[in-house]
Number of protein chains: 2
Amino acid sequence: MRRHYPIEMILRDAFTVLRTRSLPNLVQEQIERMILDGTLSPGEPLREAALANTLGVSRGPVREAFRGLEEKGLIRVEKNCGVQVRTLSHIEADQIYEVRITLEALIGRKVTENMTRQGINELTAILDDMAIAAEDSNVHPYTSLNLAYHDTLARLTGNPQLHETYRRLVSQLSLFRRRAYLHDMQSMALSLREHRAIFQAIADADGARASELLRDHAEDSRRRLHDALLPSDVPD
Amino acid sequence: MRRHYPIEMILRDAFTVLRTRSLPNLVQEQIERMILDGTLSPGEPLREAALANTLGVSRGPVREAFRGLEEKGLIRVEKNCGVQVRTLSHIEADQIYEVRITLEALIGRKVTENMTRQGINELTAILDDMAIAAEDSNVHPYTSLNLAYHDTLARLTGNPQLHETYRRLVSQLSLFRRRAYLHDMQSMALSLREHRAIFQAIADADGARASELLRDHAEDSRRRLHDALLPSDVPD
DNA sequence: TCGCCGAATATTGTCAACAATATGCAATAT
DNA sequence: ATATTGCATATTGTTGACAATATTCGGCGA
């Protein structure tokens with residue numbers, strides 16, 4: 001993907017990395033990635049020394065990273081007993097959805113108010129990729145693009161606080177062991193249609209409709225959470 | 001305020017403290033308190049060594065506390081340049097208000113659905129204290145009670161995620177140097193009436209009205225933020 | 001055989017020393 | 001006189017060692 005960049009830009013990047021990225025920061029991001037992509041499963045214990053060895057750093061930075069992740073709600077720290085990847089009960093997941101649904105409605109309104117040409121292009125690109133993934137029934141890429149689409153919407157509201165609040169909730173939701181909701185081509189096609197409808201409402205500057213569609217979309221997700229859970233009442 | 005408690009309860013408390021509170025935790029809470037009550041002002045630099053000395057601990061726990069506070073959005077950490085209490089621009093404060101207003105509406109609806117006898121009592125007690133503070137024109141106690149009232153509403157929704165999300169935003173808002181909004185007896189009296197109206201709607205199980213009143217109440221705050229800011233355009 | 005106690009081990013909590021980087025100040029050169 | 005360079009100091013970044021606590025496992029007694 002990366003094309004040739006002028007040397008100054010590369011240097012500026014390297015400079016920025018050295019300037020802002022400290023060991024605790026990198027460690028935190030790395031652990032967060034491993035949690036969100038499932039390398040580390042909810043409930044799994046995290047040992048300071050082991051992680052420090054794996055990442056080639058001392059325990060200090062790892063401990064600092066833990067504090068950040070705890071505040072982010074991604075891990076659970078119990079004094080003298082170690083830390084685990086946080087497990088999310090279906091009740092907690094449902095409670096998060098309740099907040100998320102409200103935020104989606106706000107996002108729909110604000111992103112429409114704030115939409116730019118650049119934003120339209122970004123969303124179009126994501127939708128195109130989603131179409132390809134849906135066509136090929138590639139579940140994992142589709143799921144990633146789905147997350148990217150909604151995250152992009154939150155960002156394009158132009159309200160970083162809203163974006164951050166939204167991200168926080170979504171990242172915690174990923175702790176809930178997700179039975180593959182979108183597993184067949186039909187559900188992906190349906191999902192794609194919904195995302196296109198949302199895009200259309202935004203492009204038409206119809207904030208009320210975008211808001212409504214996004215809220216409904218999130219409510220569907222919440223309903224799928226219930227449906228996937230209630231029948232199979234055996235956890236694990 | 002504290003009354004006599006049975007010895008078992010005290011012991012259990014002490015046990016709980018030792019069990020769950022680690023040094024980094026206590027340090028973080030202490031610094032957070034100092035930030036929220038204004039002992040540490042926005043923009044003020046925080047020196048690891050100095051804080052460690054003051055609190056009688058080593059720099060390690062202080063650094064860990066910093067990570068947590070950074071994730072909470074209360075401080076700003078710049079590599080090799082130290083950490084400051086975060087400053088909130090009026091733009092950021094406004095953006096936070098936008099999210100908060102939406103959450104207040106949700107809180108109004110949920111707290112009404114979820115209200116209990118115990119909750120009614122808690123709110124009544126706070127309102128009574130507010131009335132006394134307003135009567136005496138005691139600004140500081142009134143402000144605290146105001147915060148407590150809204151925080152209690154968020155808690156009584158029975159949705160900890162909603163409560164936590166709300167708290168996060170409110171605590172960041174306290175970073176915005178607050179020109180004393182409620183300075184005279186009239187505005188306190190008005191505020192008290194609004195809080196009583198919200199309570200009444202909840203007690204009447206009128207969720208829609210509680211939601212509307214809370215949203216309006218937050219929108220008023222946001223408007224006061226603008227009004228207090230635009231005339232005096234000179235920052236500091 | 002089952003349950004309890006205690007030592008050994010592993011893991012986390014805390015600290016102080018060392019390294020790297022930034023800041024402030026003084027001296028020098030233009 | 002001003003700007004720049006180099007040094008001294010202060011502050012943060014990282015590490016490894018030591019202390020405290022939990023967990024595990026083997027032995028002992030009922």
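Lettering follows sequence order; numbering is per chain, from 1.
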Along nucleotides 10-17 of chain D, 5' to 3', which nucleotides get a B, which get an S, and which get a -, given that the test is a protein heavy-atom distance under 4.0 Å? -SBBBBBB
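- Residue B:R86 is tested with B:E92, B:E70, B:E32 for a salt bridge (Lys or Arg N to Asp or Glu O under 4.0 Å); the sole match is B:E92.
- Close placement of the B:H195 and B:H150 rings is indicated, their centers lying within 6.0 Å of each other.
- The nearest whole Å value for the distance from the CD atom in B:Q84 to the P atom in C:dT23 is 11 Å.
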Show which side-chain atoms of residues 50-62 of chain A pair as donor or acceptor with protein atoms under 3.5 Å away, not counting sequence neighbours.
unit_1	atom_1	unit_2	atom_2	d
A:T54	OG1	A:A50	O	2.9
A:R59	NE	A:E48	OE1	2.9
A:R59	NH2	A:E48	OE1	2.9

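- The shortest heavy-atom contact between A:T165 and A:Q161 is OG1-O, 2.7 Å.
- Take B:E219 and apply the salt bridge (charged side-chain N to carboxylate O under 4.0 Å, His left out) test, not counting sequence neighbours, and it matches no residue.
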